[in-house]
Student: 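Sharing a structure, written as C-alpha cells. Questions coming.
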Amino acid sequence: MSSRPFSSFAAKLDALAAQWVDFVRRHATLVLIIGSVATFASIAHVSLKLRIITNTDEMLSTDLPFRKAEQKIYAAFPDLKDILIVIVDGEQADNVDDAATLLAHKLQERPDLFRHVFAPADNPFLRQHGLLYLTPDALTAMAGRLEESRDMVGLMAQDPSLRGFFAVLGDALRGLKLGYARGEEAAGLFETAATTVAQATAGKPGNISWRDILAGGKTSKDDRRRFILVQPVIDYTSFDPGGPAMDTIRAIADALKITSDHGLRLRLTGDVALYREELQTVNQGMVSSTLVSIFLGTVILAIGMGSWRLSFACLAVLCVGLLWTASFGLITVGRFNVISITFAAMFVGLGIDYAAHLGLRYREARIEGSDHAAALRIMAASQFSPLLWCTLTSIVSFLSFAPTAYKGIAELGLISSGGMILAVIINYTFLPAVL
C-alpha cells in the first residue's frame, strides 16, 4: 500500500500551517490583542467560577452498586455521614469521663460548626442502662468488685465529703487491724491518697479516681478512654473542608486543659480527619509538582535554546495555555476535583514540549541564515504534522479515561485532551505573534 496519499495530505497540512503562521506574523499586534483579551477573560472566568470539589466520594459514579448501598445507609442513618471521632484518654478514668463530657457540652454550643455531637459516656440512656451491654463475665467481675467494696461505697454514699473520705481511710485501718481487709487494697488506697495530696501540695493537678480504687488499680485502657462522635459542618468547595471544625476542637480542648500536662490526651480520627490529611497531601503535591515542572522547564529551555528571550516567549505561551485549559475545564466539567486539578502539572509537562520543538526549529532556521519571516514559515511547516499526530494520540489516550466509573480520572482525561488541542492552537497562533 503506497504512503503517497498520506504524505501528500501531510504536506498540504504543513503548507496550510506555514500560511497561517505567516498571516499571524503580518497581523501580530491584532493577534496579541485578541489573545490578551481571551487570556484576561480566562483569568476572570477562573477567578469567578473556580470550584474544587474535595469530597473524594464524589469522584466515584453514584451508579456503582456499593455507592447505591452507601446512599441507602446514609439515608437511613444520616448521623453516620462525615463523622469526626474525638478520642479522649488519660491516666485516670474519672478525669477522662469529666473531660469528655465537658468537651462534648462545649461542642454542642457551636451549632455553626457541629451539626450533631454524640458522647456515649454522657448519654442518659447509656448511663442508666449501660450495664446491659456488658458481657456476662464482665458484669460478674464488676458485681464482685462492688461486693468487696460495699463498706467503702456505703460510707462515701452517706457522707460524700472530705470527712467521709477520712472515715473510709479509718475503716481501712480498722479492717487491717481486725484482719477483714486485704493489705494490697488498703495499700493502694493510701498510696493514691498520698500521691494526690503530694500533687496538690506541689501545685500540680491531681485527684482520686474512685473508679480506679474500686477496680483495685486494674482499670484497662478502655476504662480510661472515651469517644465523642461529631458531625461537623463541611464545606467541600474548600481545600480544607473539615479544618475549621478540627482546629476548633483542639482549641476548646486546650482551653479545657485536655493536655498531656494534665494527664489527658486528645486525638482525632474518622472520615473527616482522613480527608483532611489526603487533601493536604494532594494540595502540597500539586503545588510543588507544578512549580518544579515550571522551574525545570525554564532551565531546560534556557540551556537548550541558548536564548532567554526565546525561552521567555515559550513560557508566556505555556502560561496562556494553562489559563485557557483551566477555563476550558470549568466550561466543560463545571468544577475540578482533587485528581482533575492535577491537569496543571500534566499540561506544563506536555505543553512545554510544543514550545520547545517550535522554538528550537525557529532558532535553527535563524542560525542557518533565514530571516525572521522565513524562519517562522520553516518552523511551522516542518513541525506541524509530527506535532499534530502526537496530539491526536495524546487525545485518544486521555479520552480513554472517559468511560471509567472513576469520575476523577474521567474528568482529568476530558480536561487534558482539551488542553492538548489548545496547546496546538496557542503555539501556532500566540507564539508566532510573540516572536
Student: Have H262 and T259 got a donor and an acceptor in their side chains that come within less than 3.5 Å?
Tutor: yes
Student: Under the 3.5 angstrom rule, does the side chain of R361 hit a backbone N or O of Q383 as a donor-acceptor pair?
Tutor: no
Student: Using a 6.0 Å cut-off, check whether atom NZ of K81 has over 12 heavy atoms from anything other than its own residue.
Tutor: yes
Student: Out of curiosity, Q108 CD to H116 NE2, how far, rounded to the nearest 0.5 Å?
Tutor: 9.0 Å
Student: Please answer whether the main-chain N or O of V333 pairs with a side-chain N or O of E411 as donor and acceptor at a distance below 3.5 Å.
Tutor: no
Student: Is the F336 ring parallel, tilted or perpendicular to the F343 ring (thresholds 30°, 60°)?
Tutor: parallel
Student: For atom CZ of F40, decide whether the heavy atoms of other residues, nucleotides or ligands shown that lie under 6.0 angstrom number more than 12.
Tutor: no
Student: For S42 and L323, work out which heavy atoms get closest and say how close.
Tutor: CB-O, 3.9 Å
Student: On a heavy-atom basis, which atom in I249 and which in L103 lie closest, and how many Å separate them?
Tutor: O-CD1, 4.5 Å
Student: To the closest 0.5 Å, what do you measure between CG (L64) and NZ (K68)?
Tutor: 8.5 Å
Student: How close do P232 and V272 get, heavy atom to heavy atom, and via which atoms?
Tutor: CG-CG2, 4.0 Å
Student: Give a yes or no on whether the backbone of P78 and the side-chain of Q231 come within a donor-acceptor separation of less than 3.5 Å.
Tutor: yes
Student: State whether the side chain of S327 and the backbone N or O of W324 hold a donor-acceptor pair below 3.5 Å, judged by distance alone.
Tutor: no
Student: Looking at W20 and Y428, would you say the former's side chain and the latter's main chain have a donor-acceptor pair under 3.5 Å?
Tutor: yes
Student: One pair to check against side chain to side chain donor-acceptor pair (under 3.5 Å): N427 and H357. What are the steps and the verdict?
Tutor: CA-CA 10 Å; N427 278 278; H357 281 291; over 6 Å; no
Student: Given 3.5 Å as the limit, does a donor-acceptor pair link the side chain of T342 with the main chain of I339, or not?
Tutor: yes
Student: Does the T393 side chain pair with the main chain of W389, one donor and one acceptor, at a distance under 3.5 Å?
Tutor: yes
Student: Within this structure, what is the OG-CG distance for the pair S417 and L399, rounded to the nearest 0.5 Å?
Tutor: 4.0 Å
Student: Are any side-chain N or O atoms of H27 and backbone N or O atoms of F23, one a donor and one an acceptor, separated by less than 3.5 Å?
Tutor: yes
Student: Minimum heavy-atom separation for R335 to L330, with atom names?
Tutor: CA-CD2, 4.0 Å
Student: Do the rings of F398 and F401 sit parallel, tilted or perpendicular, given the 30° and 60° boundaries?
Tutor: perpendicular
Student: Just how far is it from atom CG of L113 to atom CG of L107, taken to the nearest 0.5 Å?
Tutor: 9.5 Å
Student: Does T429 reach the main-chain N or O of I426 with its side chain, forming a donor-acceptor pair under 3.5 Å?
Tutor: no
Student: Can you name the closest pair of heavy atoms from A380 and A17 and give their distance?
Tutor: CB-O, 3.7 Å
Student: What pair of heavy atoms forms the shortest contact from L322 to F347, and how long is it?
Tutor: N-CE2, 3.4 Å
